[in-house]
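Below: the structure, in structure tokens.
Ligands are counted one by one from 1 in listed order, and the atoms in each one are counted from 1 as well.
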Amino acid sequence: MKKFLVIGNPIEHSLSPRIHNHWIKFNNIDATYDKKKLDISELENLVKQVKEKKIYGINVTVPFKNSIIPFLDKLSNEAEKTQSVNTIFLKDEKTIGHNTDIEGFELAIKNINYNVSGKKILLLGAGGVSPSILVALNNMQAHKIFVSNRTQAKAEKLKKTFSEVEIVEWGTIPDFDMIINATSLGLNVDDNIGLDFSKISSGKLFYDIIYNPSETNFLKSAKKNGNKTENGKKMFIYQAKASFKIWNNIEPIIDEEVMELLN
Ligand code: ATR
């Protein structure tokens with residue numbers, strides 16, 4: 001029996017087991033997928049268990065996507081560029097770290113038929129997920145990317161890898177076609193991002209990486225002001241799909257039933 005895990009801290013909230021176990025069952029795979037709360041000191045031993053084939057595959061979530069890297073034999077180009085790993089698998093006896101968040105975001109955007117090519121994008125946040133969003137936006141040929149983060153030094157650090165971005169001060173809103181909330185603001189239902197969009201005309205795309213709650217105040221007020229909105233649910237499902245494909249070499253189905261697993 002194949003054993004899969006998602007690791008993080010905290011991990012109780014993770015919906016990965018629900019979605020992967022659904023696909024495991026649907027495809028008659030002899031496997032289990034569990035969640036495990038870990039301490040950073042346990043990462044090395046866990047990767048060892050992949051090498052020893054005791055664990056078949058691992059999803060990595062907050063806060064270990066970067067700290068897991070020293071224990072892996074090899075990184076995919078995407079994981080290397082973003083310094084962020086969310087999927088681990090064994091290939092030719094080597095533990096490989098991969099990043100399927102990038103593909104998750106790209107497929108989510110394609111799914112809503114939004115064309116990023118030639119667009120001006122404002123990315124809010126310079127935390128763990130931001131490098132993945134930037135690679136995806138570049139893959140989709142964004143014309144211009146602004147990054148704004150409360151702590152500007154972190155945005156500047158990001159610019160060392162992504163020299164093409166322009167940093168704007170937190171609170172300054174340049175004209176954009178699409179805005180992405182990649183901060184953790186909104187995870188609590190009462191959170192307000194506290195930015196003034198009154199000078200921005202309607203008809204933009206407001207995207208929130210957060211999917212629980214399904215409509216953050218950021219999306220609520222954008223919708224009220226005549227904008228298109230999208231939460232991070234599809235990104236989450238598509239990153240799971242890409243991980244499943246890497247491990248099992250099967251394209252799992254995404255239908256209404258799968259979407260509802262996350263409600
Ligand atoms: P980390 O910062 O450890 O990588 P993260 O969850 O990946 O953690 O990122 C959190 C993001 O939300 C950061 O961009 C953070 O901004 P700072 O770098 O200034 O901390 C942003 N964030 C969290 N709380 C915020 C708040 N109250 N106002 C503005 N941005 C906030």
Looking at W247, F89, W23, which one forms a ring pair (Phe, Tyr, Trp, His ring centres under 6.0 Å) with F4?
W247
Would you please name every residue forming a side chain to side chain donor-acceptor pair (under 3.5 Å) with Y33, sequence neighbours left out?
N59
Residue list, side chain to side chain donor-acceptor pair (under 3.5 Å) with K81, at least two apart or on another chain
none
With the threshold set at 4.0 Å, does a side-chain nitrogen-carboxylate oxygen contact exist between K48 and E42?
no
Within the 4.0 Å heavy-atom cut-off around ligand 1, the contacting residues, ordered by chain and number, are G125, A126, G127, G128, N149, R150, T151, K154, W170, T183, S184, L185
Residue set satisfying side chain to side chain donor-acceptor pair (under 3.5 Å) with N263, at least two apart, ordered chain then number -> K233
Determine yes or no for a side-chain-to-main-chain donor-acceptor pair under 3.5 angstrom, with D255 supplying the side chain and E257 the backbone.
yes
